[in-house]
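Working notes for the structure below.
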Amino acid sequence: MRIDIVTLFPELCDSFLGASILGRARARGLFEAHCHQIRDYTLNKQRQTDDYPYGGGCGMVLYAQPIADCLREVQRQCAAAGRGKPHVVFLTAGGQPYTQSIAKRLAGCDSLTLVCGHYEGIDERVIEAFGDEEISIGDYVLTGGELASLVVADSVLRLQPGVLAEAQGFQEESHWDGLLEYPQYTRPEVWEGRAVPPVLLTGDHEKIAGWRARQSHERTMTRRPDLYEAWCRTHPLTPGRWKRSERAALIRTEAEWAAAAEIYTAGWQQLCADVCTADYLAAHTTDFMKRELQADRAAGWAFYLHSTAGEPDALVGVCHRTGEIGRLYVAPQAQGRGIGAKLLAFARKKLAEHPRPFLTVLDCNRRAIALYLRMGFRPAGVHAVYDPAQDPAASAFCRELKFVYTPSENEEGAR
Ligand code: ADE
């Protein structure tokens, strides 16, 4: 790959591209980089590169001509080297937001030219005439495009084959594609009283991979819900197959109601422990919950009990009147086996007459929210708010969110 940077500060850009990992890769010929001084292409005696903006206003605007002539020279050099026409990117605060997926796309260019603006901007006509796209590296304004062009160059060049010492870095990245990285630790094992998470010292690679995956999901969900939602859209959960020993059946017998009430009560108590008062929790005995389930049944709900090898271990309810799915609880010993996902898909099929079934979930129930997102449910507002200042049963502020099944186009076809 060849990268050209068109700038008023070529030494600055060149010194960055000559240092550290990129510098070594450049010296090994893994990519070519050329930094061009815009001033060298001026036609006036003072070698002036900018002027006042038409229409008034503060700051100066870079002339179109020196940038255009510099870009023509880059095109000429590329052609002389047997390369195609370079892909030209202008770095501007008003460009499209830069992302890793744009970096991957640009990494596929044989020749990439980055043009750095300065002062108040660049004459729009040269962007129109030469620019393939405009990129911004974030919602803040820099004094010039140099740092932005180096951010783009760095993120694109590290993707070139051989640039990163450990090819592993790549594989990891594609594996964690779209999610934030898990936390990393190195020696010593205990630093200023803080120990490395014990799982990392076990040598059990499967366990470590599982821990890292959970960390990665948890971090993305809490720090970057926007990224997590995008990730969920591109990684829909395919409901697992039912194993031979597993079945879900409509609750009919007294023993089944009792088992369902047990699973429901234990799950509900655990979920609500941090947000409801002790009195409210204590009032929700298994008997009380059983009566609640049966009252719901009388109001149009159907409840299904899931069991593995005859042992009840999960519960789900559907309301044919409204299209709501609820009471999805998996007993602790059965968690992590995909039963929640299977029961959710099962519930949706039971509600075939409702193309957009919905459910509600407390905002603190991250595990369930992650499952719903991956199963094609999307946030659809706040269903209720529990505020200790107004609700005597609440011990902490929390929201009950509504999620509606909103499959993507290809999932829609598969329904
Ligand atoms: N020039 C000034 N601010 C910028 C930004 N945020 N991204 C890219 N180029 C810029």
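Whatever order the structure lists them in is the order used to number ligands and atoms, beginning at 1.
A donor-acceptor pair is defined here as one N or O able to donate and one able to accept, closer than 3.5 Å; no such pair exists between the side chain of Thr113 and the backbone of Val88. Of the possible donor and acceptor atoms, none in the side chain of Arg374 sits under 3.5 Å from a partner among the backbone N and O of Pro236. Side-chain atoms of Thr220 come within 3.5 Å of backbone atoms of Leu180 as a donor-acceptor pair (strictly under, hydrogens ignored).
For Asp226, the side-chain hydrogen bond (donor to acceptor under 3.5 Å, both in side chains) partners at least two apart in sequence or on another chain are Arg224.
The pair Arg26-Asp14 meets the salt-bridge criterion, with a side-chain N (NZ, NE, NH1 or NH2) lying under 4.0 Å from an Asp/Glu carboxylate O.
Closer than 4.0 angstrom to ligand 1 lie heavy atoms from Leu91, Thr92, Ala93, Ile135, Ser136, Ile137, Gly138, Tyr140, Val141, Leu142, Gly144, Ala148.
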Worksheet item: Between Gln77 and Arg83, is a side chain to side chain donor-acceptor pair (under 3.5 Å) present by the stated rule, with each step listed?
Response: CA-CA 9 Å; Gln77 289 179 12; Arg83 294 180 185 268; over 6 Å; no
